[in-house]
Amino acid sequence: MRRATRKKSYKTVCWLWLSVAMCLMISGPSLAGKPVDPLPAPALVAHIDLSSYSPKFYRPNVQIGDLNNDGIRDFLIYSNSKLMRAFAYDGKNSLTLLWEHSFPNLPDPPIKYHYKYTIWDMDNDGRNEVIGPFASSSGYVEIRILDGETGAVEKSMQTTIPNPTSSDDIYEWRLYATVANFRGLPTPQDVVFLTENDSYGEIYAYDNNLNLLWDTTGDTHQYIYAHFPWAYDIDADGKDELIGTWVFDHDGTKLWKATHPSLDGYFYNHIDRAFAGDVDPSHPGLEILLSHENYHYRMFDPVGNLLREEAGGGDSKIVGVGAIDQSTAGFESIIWDNAFHGKVKLYSATGVVLATLPRILDGYTVDWDGDRQKRDDFFCPDDFGMLYNPYTAEAVYMKNYYDLDRYTPADVTAQKIFAHMTDVWGDFREDVVIVDEDELLIYANTASTSYQHPSPWTIPAYRLRVANTEDDIHPERTFFDWQAQL
């Protein structure tokens, strides 16, 4: 095993005024009459040099989880299945290489999209595995389950998908492997495999031995069902449903149609994003809030009764859902529409527009400041990452910090650098992780706080949420009620 350590020669942090200025950058007007509540400034807490590893990563992505089962979160860094390295993190300033996988004849990943791998304990033995798609010598992609600590293949299954031959941003396969619970087990141990190629694709559900549970190949639907496998137990039977163009029961049975009938026959008849939770307290029980082209949102009850909807432009979507304005009940939605002239609108749980704000890209709620009673912070992974307070329209652009701290600049002429966010530094607040071709940087909120919470990793729903996260141009992370985690 090889160890990568942090270089001792930090850049002198003498531009304190600049850091403060970056933290207080306001992207636009706050909600009328609302006090400004500044986001805490990021502090660089770990900077690890990976330049000794060859070849370097190109268009890398990252999954975060405990690979060697020591209770510390580790890093799986990959350029799809062309190059993958599993690093054990010591929780401070060094990484140790656990294993490496390479298939050098593959093309580079697309600029915008990456394969999705998941770190999860697939057999409930207390040891995590890595699940995902791998090019193989047969010429076809395999779904593999690897031992997280050694990289040894535990299970594999050949698909009918050919190995990639092009890095074209549009026609490249997008292959996502996530974890769900279709069999009603004590913990999720089933695999969802979603494929997409130029708006065509299928959904496959497997058990933890990669035996097929159900798939959509016999369906007459022409196009993809969703950009991501949104799995929630919406009927409280202990088994997950999967939300796409239709809501599929745990056994693949179609329960009800989620997209508007006007989209039938069109390539955009699919779900962009789906959130399931008690979003609107004025309605009893759980709601399913989703978005697709031509509609800002559609909201259903668990059996498919439409509660309300709002039509929108061709490119409309829910950017994120969270507890943003504490003066209103329930969870707010940030909605984008190309008819909003470059801005987003903040909707209440009941569909009332609360504010118009500068545009932010897709992202998800996070706990950056540690105050879970007040409001949710928001994180966009694109372009080195951005922390955002939709309540005040305050933004912290992580690229500004990266540019001050990095050893060598990332080549962004033909690649995007996506940031990642979860608790890796060790307190209960989440941290920003940036990985480029040859270095890893961790930024934390180190400000003193009166708030104290257990690590979010002790929460099963949080562990699953992070395991199933995908950070690329279409980032996905499931709905999560931070206010319930006090």
Side-chain angles (χ1 to χ4, degrees), residues 178 180-182 192 194 203 205 216 219 221 223-266 268-313 316-323 328-337 345-353 362 364-365 461 465 468 476-481:
T178 60
N181 191 355
F182 295 125
V192 189
L194 180 145
I203 299 170
T216 58
D219 191 13
H221 184 58
Y223 301 104
I224 60 169
Y225 298 84
H227 287 302
F228 190 78
W230 298 100
Y232 297 94
D233 180 11
I234 65 174
D235 57 7
D237 67 349
K239 301 176 182 179
D240 283 337
E241 284 69 48
L242 195 140
I243 303 173
T245 308
W246 288 267
V247 173
F248 296 91
D249 206 354
H250 63 273
D251 60 0
T253 302
K254 289 182 180 178
L255 296 178
W256 45 272
K257 194 168 186 294
T259 56
H260 195 274
S262 63
L263 301 186
D264 289 351
Y266 292 95
Y268 44 77
N269 185 22
H270 61 260
I271 294 301
D272 282 330
R273 312 194 89 186
F275 305 86
D278 189 8
V279 176
D280 181 1
S282 69
H283 179 271
L286 176 145
E287 295 84 37
I288 296 91
L289 181 65
L290 54 86
S291 66
H292 57 66
E293 276 84 355
N294 291 336
Y295 276 81
H296 293 153
Y297 64 84
R298 308 190 84 209
M299 180 180 281
F300 297 87
D301 70 10
V303 296
N305 294 313
L306 181 65
L307 302 178
R308 67 172 181 272
E309 64 184 0
E310 183 175 283
S316 56
K317 67 179 71 175
I318 299 174
V319 175
V321 175
T328 63
F331 293 85
E332 290 74 43
S333 302
I334 307 167
I335 293 178
W336 157 261
D337 189 321
K345 290 188 178 182
L346 185 66
Y347 283 68
S348 73
T350 58
V352 176
V353 176
D362 293 0
Y364 42 80
T365 56
R465 186 185 196 228
N468 282 342
E476 311 296 5
R477 186 173 278 192
T478 53
F479 177 81
F480 190 73
D481 184 357

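FYI, the numbering just counts along the sequence from 1.
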Checking side chain to side chain contact (heavy atoms under 4.5 Å, CB included) for the pair L263/Y268: CA distance, chi angles, key distance, verdict?
-> CA-CA 7 Å; L263 301 186; Y268 44 77; 3.4 Å; yes
Start with the C-alpha gap between H250 and D240, add the side-chain angles, then the distance that decides, and say whether side chain to side chain contact (heavy atoms under 4.5 Å, CB included) holds.
-> CA-CA 5 Å; H250 63 273; D240 283 337; 6.0 Å; no
May I have the step-by-step check of side chain to side chain contact (heavy atoms under 4.5 Å, CB included) for I318 and D272, ending in yes or no?
-> CA-CA 8 Å; I318 299 174; D272 282 330; over 6 Å; no
Begin from the C-alpha positions of H283 and D301 and carry the test side chain to side chain donor-acceptor pair (under 3.5 Å) through to its verdict.
-> CA-CA 9 Å; H283 179 271; D301 70 10; 4.9 Å; no
Going through the distances and angles, do H270 and E293 end up as a side chain to side chain contact (heavy atoms under 4.5 Å, CB included)?
-> CA-CA 8 Å; H270 61 260; E293 276 84 355; 3.9 Å; yes
Steps toward ring-ring contact (aromatic ring centres under 6.0 Å, His included) verdict (F248, Y225) | CA-CA 11 Å; F248 296 91; Y225 298 84; 5.6 Å; yes
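Residues A258 and L290 share a closest heavy-atom pair of CB-CD2, 3.7 Å. The shortest non-hydrogen separation linking W230 to R477 is CZ3-O, 4.1 Å. For the residue pair P229 and L242, the shortest heavy atom distance occurs at CB-CD1, 4.2 Å. Heavy atoms only, all atoms of each residue included: E287 and D278 are closest at OE1-C, 3.5 Å. The shortest heavy-atom contact between T259 and K257 is OG1-NZ, 2.6 Å.
Here the straight-line distance linking atom CH2 of W336 with atom CG of D362 works out to 10.5 Å at 0.5 Å rounding. Atom-to-atom distance recorded for E310:CD and S316:OG is 9.5 Å, nearest 0.5 angstrom.
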